[in-house]
Amino acid sequence: MHDLRMLREQVDVLRDGMRRRGALDTLAPAIDRGVELERERRTLIQATDERKALRNANAQEVAKRKRAKEDADELIARGRELGDEIAKLEHELVAVEAALQRALLEIPNVPLPEVPAGGEEHNVIVREWGTPRSSDGVKPHWEIASALGLFDLERAGKVSGSGFVFYRGLGARLVRSLVNFFMDTHRDEHGYEEVWPPLLVNRATMTATGQLPKFEDDAYATRGDDLFLIPTAEVPVTNLYRDEIVDAVPMAFVAYSKCFRREAGSAGKDTRGILRSHEFDKVELVRYAAPETSGEQLEALTRHAETMLERLGLPYRRKLLAAGDTGFSSAMTYDLEAWAPGVGAWLEVSSCSNFGDYQARRANIRYRPAKGEKPRLVHTLNGSGLALPRTIACILEHYQNPDGTVTVPEVLRPYLGTGVLG
RNA sequence: GGACAGGUGGCCGAGUGGUUGAAGGCACCGGUCUCGAAAACCGGCGUACCGGUGAACCCGGUACCGUGAGUUCGAAUCUCACCCUGUCCGCCA
């Protein structure tokens with residue numbers, strides 16, 4: 001969410017940001033409405049505060065007269081009048097602020113200057129690592145997995161429905177091994193605090209990170225308790241310090257979690273195998289940073305995610321998303337895509353973003369730059385480090401052997417207890 | 001799920017419906033003292049919003065004592081609902 005001051009002092013920055021996202025035409029009305037409502041809001045606040053000041057003075061005077069045993073009926077009547085006026089003005093103010101909030105929530109974050117303008121055709125590959133394996137004679141991961149009994153999509157369908165996976169045997173152990181490998185490395189080598197978050201969160205938490213109210217249909221909700229299944233560990237972990245002033249920045253957290261997504265409206269897209277499911281596993285990196293450092297922190301965080309792919313020996317590329325392809329709350333995003341020769345595609349296994357203070361404002365997370373100084377909003381960042389199903393797909397395809405077996409990447413062998421699947 | 005108790009500033013902790021943004025203490029910051037430190041003493045010490053020429057400082061105003069409604073000329077203080085925490089009982093991986 002943007003600061004109200006943006007509407008008053010930096011509308012041109014806002015407009016330029018939306019233009020670079022290619023969304024100025026659709027968002028100009030919301031911006032104009034916001035500017036207008038912000039003005040109305042101030043007028044109303046002035047009018048109410050003025051009357052409240054009068055009311056307070058009046059109430060003091062009543063107290064004084066009562067103590068002196070004098071008559072105060074006239075003042076009491078005056079107070080009643082002021083009260084009515086205040087109630088009326090506040091009623092208007094509530095309506096204006098609600099409308100203002102709605103307008104503000106429609107406006108996405110302003111992309112950083114280094115983000116290219118335009119839609120996804122302007123995304124830039126900024127880094128490449130490894131040599132993509134030729135697709136010749138390479139089977140897609142679902143065929144390999146089925147042949148090796150790593151997961152059972154048919155029975156998952158029976159038990160839960162389409163879009164769910166039942167990992168079995170070494171497949172199940174592979175998931176657990178990857179989680180441990182990622183967590184251990186981020187904790188031991190990259191300095192993240194390991195956390196294990198709740199998967200069910202309340203409405204306030206979902207709202208603070210922006211999943212609600214706009215995307216309520218994308219989340220799984222519980223019946224009777226107003227709790228939601230998290231779509232990513234970003235939600236509980238970013239909310240860890242909601243409404244608090246943290247002692248020191250940067251802070252860094254790594255969390256494994258199940259991620260639950262209804263994927264309403266994405267039927268038929270990437271549905272083969274395990275590329276898109278309603279429930280998947282992911283290790284997530286979350287950082288709170290001082291504003292001046294968030295740029296370099298995004299580089300560091302992205303490198304932490306890339307290191308996982310390098311250790312696994314999976315060829316990948318880093319893509320700087322153009323403004324129009326950058327997520328709603330993000331100011332700058334890198335996608336990491338690993339090569340899957342079996343399906344012949346680059347698969348998004350991580351998305352690393354710098355949100356600036358856009359998330360922190362809504363979640364109200366601040367830090368004190370120095371003792372005695374005023375608190376400032378932190379900058380929040382997060383990225384997958386990594387998402388499991390697609391990483392598994394890439395491993396199965398990249399490392400498959402002519403005899404149908406799959407060689408296990410060196411780093412996973414201590415966790416998995418074997419050097420070969422099959 | 002049931003029964004009690006309780007939620008006040010960074011922390012602890014007072015608070016009779018009317019100079020209470022809120023006593024007192026701790027922590028913190030500045031100063032005096034000291035070769036230096038400690039102690040002692042003096043002073044300062046919340047957040048947000050509105051306005052005073054859109055910066056800083058400063059000044060005025062408003063709001064905030066778990067959250068939301070209500071009663072009242074006036075609410076931290078009274079009423080209701082909800083949330084959370086603690087203790088005990090029940091249940092349970």
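Excluded from the calculations below are hydrogen atoms, water molecules and symmetry mates; all remaining heavy atoms, backbone and side chain alike, are included. Nothing here was measured: the structure is a model prediction, and the numbers come from that model. A note on names: the letters A, B, ... follow the listed sequences, proteins ahead of strands, and every chain is numbered from 1.
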Searching all strands shown, indicate the nucleotide that pairs with B:U34 (Watson-Crick or G-U wobble; both distances under 3.5 Å). none
Does A:Arg366 reach a base, just sugar-phosphate, or nothing at all? Heavy atoms under 4.0 Å. sugar-phosphate
Distance below 4.0 Å between A:Arg80 side-chain N/O and B:U71 OP1 or OP2: no
For the side chain of A:Glu38, starting at C-beta, report the closest nucleotide among B:C49, B:A63, B:C50. B:C50
In the strands shown, is B:A56 matched to any nucleotide by a Watson-Crick or G-U wobble pair with both distances under 3.5 Å, and which? none
Is the phosphate of B:G74, meaning OP1 or OP2, less than 4.0 Å from a side-chain N or O of A:Arg65? no
Quick check on RNA chain B: between A:Arg8 and A:Gln60, whose nearest nucleotide comes earlier from the 5' end? A:Gln60
Give one of base, sugar-phosphate or nothing for A:Lys64, where a contact means two heavy atoms less than 4.0 Å apart. nothing
Taking only N and O in the side chain of A:Asn56, is any of them less than 4.0 Å away from OP1 or OP2 of B:U19? no
Interatomic distance at P, B:A37 relative to B:C29, whole Å: 13 Å
Once you apply a heavy-atom cut-off of 4.0 Å, does A:Ile45 come out as touching a base, just sugar-phosphate, or nothing? sugar-phosphate
Regarding A:Arg78, tell me which of base, sugar-phosphate or nothing describes its non-hydrogen contacts under 4.0 Å with the strands shown. nothing
Quick check on B:C50: is either OP1 or OP2 less than 4.0 Å from any side-chain nitrogen or oxygen of A:Arg41? yes
Kindly say whether A:Gly327 contributes a backbone atom to a donor-acceptor pair with the side chain of A:Ser330 at under 3.5 angstrom? no
